[in-house]
Amino acid sequence: MRLYNTLSGTEEEFIPSGERVKMYVCGITPYASSHVGHALSAVVFDVLRRYLEFQGYKLQHVQNFTDVDDKIIARAAKQGVTYRELADRYIQEYTSDMDLLNVKRAHAYPLATDAIPRMVEVIADLIDKGYAYPSNGNVYFRVTMDDDYGKLSHRSLDSMIAGARVEVVEGKEHPMDFTLWKAAKPGEPAWESPWGPGRPGWHIECSTIALDHLGESLDIHGGGLDLVFPHHENEIAQSESYTGRIPFARFWVHNGLLNLGEDKMSKSLGNLVGVSEALEHHSSDALRLYFLSSHYRSPLNYSAEGLAAMERAAERLRNALRQDSTTGNDALDPSHYEKQFVTAMDADLNTPQAIAALFDLAHEINRARERGQKVGQAQNSLRKLGDVLGLTFRERTSQEALSLEPLAELFKDIGATLNASGHHKLAGWVNSHSDAQDAATIVETLLAIRRELRQVREYDFADTIRSRLADLGVGLEDAQDGTVWKHRQSVV
RNA sequence: GGCGACGUAGCCAAGUGGUUAAGGCGGGGGUCUGCAAAACCCCUAUUCGGCGGUUCGAUUCCGCCCGUCGCCUCCA
């Protein structure tokens, strides 16, 4: 496949260097709930992984957690918990959010704090080699020693300084020198080192963890576009200076960032939408379709309206997966659509086009079914290709989507109306389920009642039940072989 | 100030130097249905921010302009 490489600034043919594709993706700093921007990034690399696996590659996917840093420490102190407790809490939350998004788990989630002794070794070696120097309990990387510093972000040291936002820090030889080891202030969690107690800088963590888990050369290093500089630039500087092996990562892959309204969604602006918040209102399929309906390198604006539209689009795909006909003779051949899908994904993960192939296939399935063809094979194909994008084609269950109280109230109400209008038999059905504790039982009973009403042509009453269920988010479809109901996304 | 991205229908969003500019949502009409819903059929950009240039031919390449956004500081 062709894959855009930030390092070269072009698309290149992706061929792994060995048996397994070694993919390292920068993880989160667990000091707060993860937001939909994190979800976007996770989904992008999940799809890259799924597609490579679909193509028959074996992968080793590693993603770190930066479980100690200034913000974690500050926040933990504020809440009166240890940094450990705070980090663990948000790591757990992140993991469960990603599970709900159907993101495949990485093969390893190393913690920064577990790798500190190794980082100390690496830093010491960098000092020995002249790439770093201690200063007042800190250790800095000497950027002037690295001839190709700036090659990833495509800027020169001079132009960085011309940016004029570099602040002069006491003890640094060069304003762009960055921290490898940070001396601890009193009361902060600290680890021993030859330079005094402290903790590692952010960048050295990823270099060291990647090195330890995946070796000196990665196939793919991923992350958000906002990490290109300084984080990934510095990782390259550290890793290549330490190992002498170039390149540290063969492909640098960066996803575009998610904006909220006019602004980038960022912690500093505080305009965050949490992953769990988004999942309360939208299915994971809708979220994934939304993320993947624009190219992964483009910026994307988060919008609830856009997601609601994707919810309907997801339903369209699901509808194509309904029961196959059993009587058909010839079968629909999905291979044309599979080719389209693969061609699209091969072109730097062109998921918008891949999704279009999915919709074309779904459309063709519906047409073929009307023609009386067998569509089972094509449906399997749709499921299989959808799975490459991490789509589940599952509706949210009634428990997740429907609240019981308004339904129970409606149920009672209908029972009373039935009684009042002389439908004592049907009112009895309500009574016999009057203590129903789940939404499904209530809906099913109402559907049975409605069927009876339709049979005796009391359409007004039947339609009332339908519309009142619709008000509660239950959509009805009367098909040949009975009525199907589903939760419909309420308009946000 | 430096580096970079983008501007395609009502909305979201692919794409190509030259046959009909994907797909989704929305909208209109029709088939089916007791009515709906779903599904199917038809329609919904003579046109790709503006102005020049290159070319037989540009939405696609180049230049300028206008507009939007990102990075350069913690950030997926």
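Just so it is clear: chains get the letters A, B, ... in the order the sequence lines come, proteins before strands, and each one is counted from 1.
- Spacing of P atoms, rA58(B) relative to rC51(B), comes out at 14 Å, to the nearest Å.
- Pairing for rU68(B) is with rA5(B), a Watson-Crick or G-U wobble pair whose two hydrogen-bonding atom distances lie under 3.5 Å.
- Checked against side chain to side chain donor-acceptor pair (under 3.5 Å), Gln340(A) has no partners two or more places apart in sequence or in another chain.
- Look at His363(A) and you'll find a side-chain N or O under 4.0 angstrom from OP1 or OP2 of rC41(B).
- Taking the P atoms as reference points, rG1(B) lies 16 Å from rC64(B), given to the whole Å.
- Ion pairing between a basic and an acidic side chain is recognised when a charged N comes within 4.0 Å of a carboxylate O; Lys486(A) and Glu315(A) show such pairing.
- Scanning atom types as modelled, one donor and one acceptor separated by under 3.5 angstrom connect the side chain of Asp463(A) and the base of rG34(B).
- Proximity of residues 449-457 of chain A to RNA chain B (heavy atom under 4.0 angstrom from any strand atom) is restricted to Arg450(A), Arg454(A).
- Here the nucleotide nearest the side chain of Leu257(A), chosen from rA22(B), rG70(B), rA39(B), is rG70(B).
- Atom pair Asn234(A):CG and rC72(B):P shows a separation of 12 Å (rounding to whole Å applied).
- Neither side chain, Asn102(A) nor Ser284(A), offers a donor N or O lying under 3.5 Å from an acceptor on the other.
- The base-pairing partner of rC74(B), taking Watson-Crick or G-U wobble contacts with both distances under 3.5 Å, does not exist among the strands shown.
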